[in-house]
Amino acid sequence: MASLFDTRRYLTDFDSVRIGHVLTDTLVIGSGVAGARAAIEAAQYGLVTLLTKSDFEESCTSYAQGGIAVAIGADDSPTLHYQDTMRVGCGLNRPDAVNLLVTEAPRRIEELIGWGLEPDRVDGALSLGREGGHSVNRIIHAGGDHTGRDLTRTLKRRVQDTPEIRVFEHCFLVDFITLDGLCVGAVAFHERHGHQLIWAGQTVIASGGCGRIWRETTNPPVATGDGIAAAFRAGATLRDMEMMQFHPTTLYVAGAGRTLISEAVRGEGAYLVDRTGDRFMENYHPDGELAPRDIVSRAIHDCLLTTQSNCVYLDVRHMSGFRERFPQIASLCADFDIDVTRDLIPVRPSAHYLIGGVEVELDGSTSVEGLFCCGEAAGTGVHGANRIASNSLLEGLVFGKLAGETAGRKAAEMSNAAPIRRVVNTNPHSTRTALDLPDIRNSLRSVMWRNVGIVRREEHLRETCDILDFWAHYTLDKVFDDVPGWETQNELTVARLIAASALERSESIGVHCRGDADERKQTPPCRVVVTRDENGTHPKCVELRTETSSDTGGDD
Ligand SMILES: Cc1cc2nc3c(=O)[nH]c(=O)nc-3n(C[C@H](O)[C@H](O)[C@H](O)COP(=O)(O)OP(=O)(O)OC[C@H]3O[C@@H](n4cnc5c(N)ncnc54)[C@H](O)[C@@H]3O)c2cc1C
């Protein structure tokens with residue numbers, strides 16, 4: 001049986017003499033915080049084309065509630081922010097990346113305010129919230145719990161005010177084009193114009209994560225891992241793919257989706273209680289409800305098993321001013337007849353944030369020349385084995401800027417921005433029966449939730465790899481001509497890489513919990529990487545690489 005890793009180099013057929021061409025200096029994939037920030041920076045050096053597969057606003061960024069971490073309080077410092085980030089990341093973080101993140105943070109926030117973001121204030125001073133793992137209040141927020149919406153509006157305005165940036169909405173990245181190992185742009189599919197070849201001097205992936213491959217997730221439908229899967233097909237090295245963060249508290253009401261109930265709610269005093277009304281977090285961690293996310297998620301997972309329940313509850317009834325501080329959450333609860341002043345809010349964990357992704361250097365460069373990556377799609381190593389709350393919007397701002405700057409500058413230095421030549425790809429077409437794609441995608445979500453969820457075991461991970469290989473056998477040999485088909489192929493690819501990486505890491509660390517780990521075994525700090533062979537067709541390996549001091553080099 002063909003393995004998933006025999007995935008084709010390109011998902012689609014194309015011939016450059018038959019489809020439309022677009023030329024640009026820098027191509028950016030994604031309109032979330034990382035893509036928008038990268039585009040704004042790259043535009044200082046030349047023409048930028050930004051693709052996004054839905055409306056500009058449709059991204060994880062837009063749904064962010066809690067806020068952005070930044071060390072600006074009187075009792076705070078970048079050193080403290082650094083220490084909290086490293087502690088929560090279990091020390092597996094890349095120190096120089098963390099250092100960059102926390103020291104750049106105040107400048108990036110100041111810049112946003114200059115561009116029109118209006119964070120919430122108390123008596124004129126920035127209002128700083130608290131979230132799990134942070135030792136002080138350092139989370140700025142906007143519109144109460146509408147931080148993502150306000151951030152997106154600010155960045156969109158800035159993008160629209162930058163004439164060097166062209167935005168193509170409803171334009172889907174299918175694959176990156178490589179010629180002799182160099183990325184020269186992408187083949188994309190536009191809702192109205194069909195296939196397009198976008199020739200770019202440099203290309204930046206900012207296509208976000210892949211939460212949609214789990215049954216329970218906070219992520220919107222766009223988060224299907226397309227950019228990561230396409231980078232893998234183009235030969236890029238991936239890292240930390242087993243590190244998926246599960247958010248402890250999403251609303252558990254049939255029909256509500258799995259809408260996030262921000263950690264800031266616990267930060268401001270909400271309790272977690274079981275079905276009998278008992279607060280249980282104190283049994284798991286001295287910080288109780290404010291323990292790091294992985295600990296709270298596992299505690300809830302444990303509580304659900306021991307109390308044989310489907311959910312636990314957030315108790316906010318004692319909190320005054322809840323509706324003013326969290327208008328979005330209060331209104332959502334009201335839509336389902338939950339009165340936050342009288343009722344408990346039913347919650348359970350969901351897949352939330354992919355820590356791993358395309359392995360990058362600090363400037364966003366990947367192992368493929370001409371290809372950069374930033375934001376949630378990137379594996380910078382900045383989060384280690386567990387992301388501390390509200391560091392990801394910040395990551396998008398800091399590393400998006402760096403990736404955009406390096407890509408833009410490199411594109412400007414190229415004498416001839418894009419080496420145009422004829423490129424053709426023709427895949428063999430399968431004669432098998434048509435597929436019920438929604439059924440495959442639902443089955444994928446179920447198996448990932450059941451077997452590659454909060455607690456993992458070797459036998460379940462092996463079973464998952466076999467199941468995914470079986471489905472891949474008759475799904476990846478198809479040539480689709482629409483977005484759902486390509487998304488399904490990308491989801492299967494990314495899920496298989498996650499399951500294989502989770503199998504490779506037999507220890508429990510941070511968000512990766514192996515129920516069958518031998519706790520006596522001491523594993524040296526390492527990362528799981530996925531690489532492909534020289535032809536870019538088969539995986540060379542999924543392997544554990546021990547961190548050397550140069551990998552994790554630098555100090556705080
Ligand atoms: C509900 C929720 C709440 C959160 N709250 C917070 C918070 O308070 N603070 C915090 O720091 N983090 C929070 N996070 C995490 C944070 O929002 C994300 O990690 C961050 O926004 C990722 O930014 P990004 O730019 O990398 O990706 P995204 O914002 O997800 O953007 C990805 C973009 O790529 C586009 N795209 C994807 N595939 C393709 C394709 N094939 N072709 C073209 N375009 C494509 C998408 O349409 C989208 O525009 C939250 C996440 C969620 C889901």
Side-chain angles (χ1 to χ4, degrees), residues 11 27-39 50-70 105 129 131 139-142 145-149 151-152 155-156 167-176 186-190 198 204-212 217-231 245 247 249-251 257-264 267 328-329 350-355 357 373-378 380 383 387-397 399-400 403 483 486-487 490:
L11 293 185
L27 170 64
V28 177
I29 314 295
S31 55
V33 59
R37 189 62 194 82
L50 186 152
L51 303 193
T52 189
K53 71 174 169 180
S54 181
D55 295 335
F56 187 97
E57 290 79 3
E58 195 52 20
S59 64
C60 283
T61 300
S62 286
Y63 294 93
Q65 297 175 351
I68 313 176
V70 53
E131 294 190 79
I139 318 296
I140 65 152
H141 42 86
D145 52 6
H146 285 293
T147 307
R149 178 199 66 187
L151 173 63
T152 303
L155 290 170
K156 185 176 180 185
V167 176
F168 295 173
E169 290 178 304
H170 300 273
C171 191
F172 185 90
L173 158 85
V174 185
D175 266 307
F176 300 110
V187 55
F189 182 82
H190 191 280
I198 305 180
V204 182
I205 313 168
S207 50
C210 60
R212 296 302 288 192
T217 182
T218 61
N219 287 192
V222 291
T224 53
D226 304 328
I228 298 171
Q245 181 172 65
H247 197 288
T249 53
T250 47
L251 185 61
R258 292 292 172 260
T259 312
L260 184 85
I261 308 283
S262 167
E263 190 155 340
Q328 196 182 172
I329 296 170
S350 290
H352 185 56
Y353 178 85
L354 181 68
I355 289 171
C373 189
C374 54
E376 192 169 335
T380 52
H383 305 299
R387 174 182 72 102
I388 195 170
S390 289
N391 259 3
S392 47
L393 292 177
L394 180 60
E395 175 193 17
L397 291 169
F399 292 100
V483 169
W486 296 319
E487 284 183 340
N490 288 332

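Index from 1, following the sequence. First listed ligand is number 1; within each ligand, the first listed atom is number 1.
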Starting from atom 20 (C) of ligand 1, which protein heavy atom do you reach first, and at what distance in Å?
T61 OG1, 3.9 Å
Which of the numbered atoms in ligand 1 are below 4.0 angstrom from a heavy atom of L260?
1 (C), 2 (C), 3 (C)
Quick note on ligand 1: atoms under 4.0 Å from a heavy atom of N219 include exactly 53 (C)
So is there a nitrogen or oxygen of L393 less than 3.5 Å from a nitrogen or oxygen in ligand 1?
yes
Geometric N/O contact F172 with ligand 1, under 3.5 angstrom:
no
Out of curiosity, is S390 lining ligand 1, as in a heavy atom under 4.0 Å away?
yes
Considering distance alone, does some N or O of C374 sit under 3.5 Å from an N or O of ligand 1?
no
Pull out every atom of ligand 1 sitting under 4.0 Å from any heavy atom of G375, numbered as shown with elements.
26 (O)
Describe, in one word, how the ring planes of H352 and H247 are oriented to each other, choosing from parallel (under 30°), tilted (30 to 60°) and perpendicular (over 60°).
perpendicular
Are any of the N/O atoms on E376, whether in the backbone or the side chain, positioned under 3.5 angstrom from an N/O atom of ligand 1?
yes
Any N or O of S54 closer than 3.5 Å to N or O of ligand 1:
no
The one among A69, A206, S392, S207 that brings a heavy atom closest to atom 36 (N) of ligand 1
S207
N/O to N/O below 3.5 Å, does that happen between Y353 and ligand 1?
no
Expected output: side-chain S62 to main-chain E57 donor-acceptor under 3.5 Å:
yes
Run the numbers for me: atoms of ligand 1, each under 4.0 Å from some heavy atom of H352, listed by number.
2 (C), 3 (C), 4 (C), 50 (C), 51 (C), 52 (C)
Salt bridge present between E487 and K53 (N-O < 4.0 angstrom)
yes
Hey, which atoms in ligand 1 end up nearer than 4.0 Å to a heavy atom of T218?
1 (C), 53 (C)
Note: ligand 1 atoms sitting under 4.0 Å from heavy atoms of E58 are 46 (C), 47 (O), 48 (C), 49 (O)
Any N or O of C60 that comes nearer than 3.5 Å to an N or O of ligand 1?
yes
Which heavy-atom pair separates S350 from T250 by the least distance, and what is that distance?
OG-OG1, 2.8 Å
Numbering the atoms of ligand 1 from 1, which are under 4.0 Å from a heavy atom of Q65?
5 (N), 8 (O)
So is G67 polar-close to ligand 1, meaning N/O to N/O under 3.5 Å?
yes
Closest non-hydrogen protein atom to atom 6 (C) of ligand 1, residue and atom name please, with distance?
A64 CB, 3.5 Å
Ligand 1 and G66, any nitrogen or oxygen pair closer than 3.5 angstrom?
yes
Answer with side chain, backbone, both or neither: which part of N391 has a heavy atom less than 4.0 angstrom from an atom of ligand 1?
backbone
Classify the contact between C171 and ligand 1 as side chain, backbone, both or neither, using a heavy-atom distance cut-off of under 4.0 Å.
backbone
Ignoring angles and geometry beyond distance, decide whether V33 reaches within less than 3.5 Å of ligand 1 through its nitrogen or oxygen atoms.
yes
Does ligand 1 have a heavy atom under 4.0 Å from the side chain of R387, from its backbone, from both, or from neither?
side chain
Tell me, which protein residue and heavy-atom name are nearest atom 38 (N) of ligand 1, and how many Å apart are they?
D226 OD2, 3.2 Å
Which of the numbered atoms in ligand 1 are under 4.0 angstrom from any heavy atom belonging to A34?
25 (O), 26 (O)
Any side-chain heavy atom of S207 sitting closer than 4.5 Å to one from D226?
no
Can you tell if the side chain of S392 reaches within under 4.5 Å of the side chain of E376, non-hydrogen atoms only?
no
